[in-house]
Number of protein chains: 2
Amino acid sequence: MMAGVEPLDEAAARAAAALEDRLTKPPGSLGVLEGVGVRLSAIAGRCPPPVPEPAAVAVFAGDHGVLAQGVSPWPQEVTAQMVANFVAGGAAVNVLARQVGAVVEVIDVGVAADLRAAPGLRTAKVRRGTADLSVEPAMGIDEAWASLELGCDVAADLVARGAGVLLTGDMGIGNTTASAALISAFTGAPAALVTGRGTGVDDEQLAHKVTVVDKALSRTGDLERHGEAAVAVLASLGGLEIAALAGFLIGGAQRRVPVLLDGVVADAAALVAVALQERCRDYLFAGHRSVEPGAAVALDHLGLEPLIDLRLRLGEGTGACLALPVLQAAARVLGEMATFDSAGVTERTDVEGP
Amino acid sequence: MMAGVEPLDEAAARAAAALEDRLTKPPGSLGVLEGVGVRLSAIAGRCPPPVPEPAAVAVFAGDHGVLAQGVSPWPQEVTAQMVANFVAGGAAVNVLARQVGAVVEVIDVGVAADLRAAPGLRTAKVRRGTADLSVEPAMGIDEAWASLELGCDVAADLVARGAGVLLTGDMGIGNTTASAALISAFTGAPAALVTGRGTGVDDEQLAHKVTVVDKALSRTGDLERHGEAAVAVLASLGGLEIAALAGFLIGGAQRRVPVLLDGVVADAAALVAVALQERCRDYLFAGHRSVEPGAAVALDHLGLEPLIDLRLRLGEGTGACLALPVLQAAARVLGEMATFDSAGVTERTDVEGP
């Protein structure tokens, strides 16, 4: 699990940046796409990079003891019901994954209920939901490691089965509370700034949710946030599915595959993953900017710019699916566009060609 | 050409809004996608709406007399060279259109050079480039009408050939100057606020470009901006390809087909189209927010929210192609997602179902 992550290929990055400037367009005119293309080349170690496909969405599901504090208007049973919905293909992530040709794999890392076995569902419970993070550590250190390992294994499996790009997904009623706590812990931003309405709490409930997050942070104290010691922070603030997602990100990076983050839960997991393996960051792309305020804080901290901003707050992997075509477009541009020379197009007259 | 545009189907819109609230997700959690789905239903007159496909990108090309004022670092010949690049399939719009399964049709409405006939190129020159808008009207009123008619016909043809969604594209060295002039004329925003660097001018050139736009606006004066009289403003400030685009938008709306705008040139055309046929607006979606400052001003004026914001400033239809999957996703969500009832998912416990 803690095997190293290789550095990016700087030569491939330079080749891609140089090629961007030779393509038949004003230099820089494809905006964010150009930087994405450069990084995809650096990840793949070649220019042009392969188009990131086929895609696999891993939806990690887990329950949250903190639900006892009334942080969500939705009952815990919805986690299991939504897993059934994913397996049946009726959820938003299924619809959006079908559109982009992505497979959806659901992993039960910590759902409190027993789930019926089904194709596309991997049962790998580390425990049946977390403990209440506002009063005690959400999970044991060993459970955090087990969840990380599981996520890493899922990434390895999906890549072994041919995935060229990994997308994160999550399901867990209560998991925006755990995400807010982790984002506060890893960025230093106060709880009030990173805690949001999740699936839809009102002002009073939101104030209560901030108090709950603050309690968890006080209890956690100033545990080390860097290196393997950071697993204790993860265990304290939890989210079995968040821990598994962090492992999933590391697993993708270890295999030099681009990983597309969904929303705030994935962003929290990314902070954990980067604390554990700093180079992991270079393999991550932010699919979208969630409405949840912690998302922007986490992405700023990570230095990742979201590809899509459609005021989504659903999770499941929906934002990652919507962003996938942008990632693929960036690779295609490098692979398929004509250059000024090849197309016989005159360059601008006032400056030397790049 | 000036045939009416039917109003949206409000019953279909209400049905879609009601369905959005029954789908297995927190109400509103799909953000912008939900409103897009409602409007697609209202356009189609049914819920769920058909997925907007197949897509056709119409790239209207024309040259600009104002280039004599030194408003672009690129020579006029690039317009014709890029048309050849489009026809050969090597430009950015070709790459991005292929990714989303869209056909690209190029229409020469006013390129100054003679173009070699080729499959995918429609030659329909209204004139060989515009006159210099800073000193005289860019085109005659009759030429503006001819360009509008042409664009409208292209939309009709593409829909007759099966297109379920129309995307705008444009090519014309100098056309951000004409777009800025039109955006200023139709929104009332000062030239300095809507004139941008286009394909890449420096500070001094930008200041000069603003002066050029101001001259054109002074010359145009306070011509009527509403109804058919607005064609005189269009003729004065021009862009043969912009006039054709305005007709294309009206043509799509007349056939009740959603039209996805690309960047600032399409946004300028949309202001013209809506001045001519106010209801046209209801059929338009803003593909992206161009870096060009006039784009945001035009979209605000139109009340359209861009689907993508990737700091693009290339034109050609690239932003529209990148946004198409978002439009399609909005329709698919309504057509394919399970409802709380059908999936047996419990709703939130603190409020009555919608």
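Labels below follow one simple rule: chain letters A, B, ... track the order of the sequence lines, proteins then strands, and each chain is numbered from 1.
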Leu322(A), part contacting chain B, at a heavy-atom distance under 4.5 Å: side chain
Contact part of Glu77(A) toward chain B, heavy-atom cut-off under 4.5 Å: side chain, backbone, both or neither? side chain
With side chains defined as the heavy atoms from C-beta onward, is the minimum distance between Arg22(A) and Asp341(A) less than 4.5 Å? yes
From the list Leu324(A), Leu327(A), Leu304(A), side chain to side chain contact (heavy atoms under 4.5 Å, CB included) with Phe285(A) holds only for Leu327(A)
What residue in Val326(B), Thr199(B), Val36(B) has the most heavy-atom pairs under 4.5 Å with chain A? Thr199(B)
Val104(A): which of Leu167(A), Asn94(A), Leu96(A) passes side chain to side chain contact (heavy atoms under 4.5 Å, CB included): Asn94(A)
For the candidates Ala92(A), Gly198(A), Ser290(A), Gly89(A), which exhibits the highest count of non-hydrogen atom pairs separated by less than 4.5 Å from chain B? Ala92(A)
Which residue out of Gly90(B), Ser29(B), Gly31(B), Ala338(B) racks up the most heavy-atom pairs below 4.5 Å with chain A? Ser29(B)
Under 4.5 Å from any heavy atom of chain B - which part of Ala88(A): neither
Determine the minimum heavy-atom distance between Pro293(B) and Gly196(B), stating which atoms define it. CD-CA, 3.5 Å
Considering non-hydrogen atoms only, spot the tightest contact between Arg197(B) and Asp203(B) and give its length. NH2-OD1, 2.6 Å
Measuring heavy-atom distances to chain B, does Leu312(A) have an atom under 4.5 Å in its side chain, in its backbone, in both, or in neither? both
Could you tell me which of Pro325(B), Ala343(B), Pro306(B) has the largest number of non-hydrogen atom pairs under 4.5 Å with chain A? Pro325(B)
Any side-chain heavy-atom pair of Val57(A) and Cys321(A) under 4.5 Å: yes
What part of Glu305(B) gets within 4.5 angstrom of chain A, counting heavy atoms only: side chain, backbone, both, or neither? side chain
Shorter than 4.5 Å, heavy atoms on both sides: which option in Gln328(A), Gln99(A), Arg98(A) has the most such pairs with chain B? Gln99(A)
Do Leu121(A) and Leu115(A) have side chains that approach each other closer than 4.5 Å (heavy atoms only, starting at C-beta)? yes
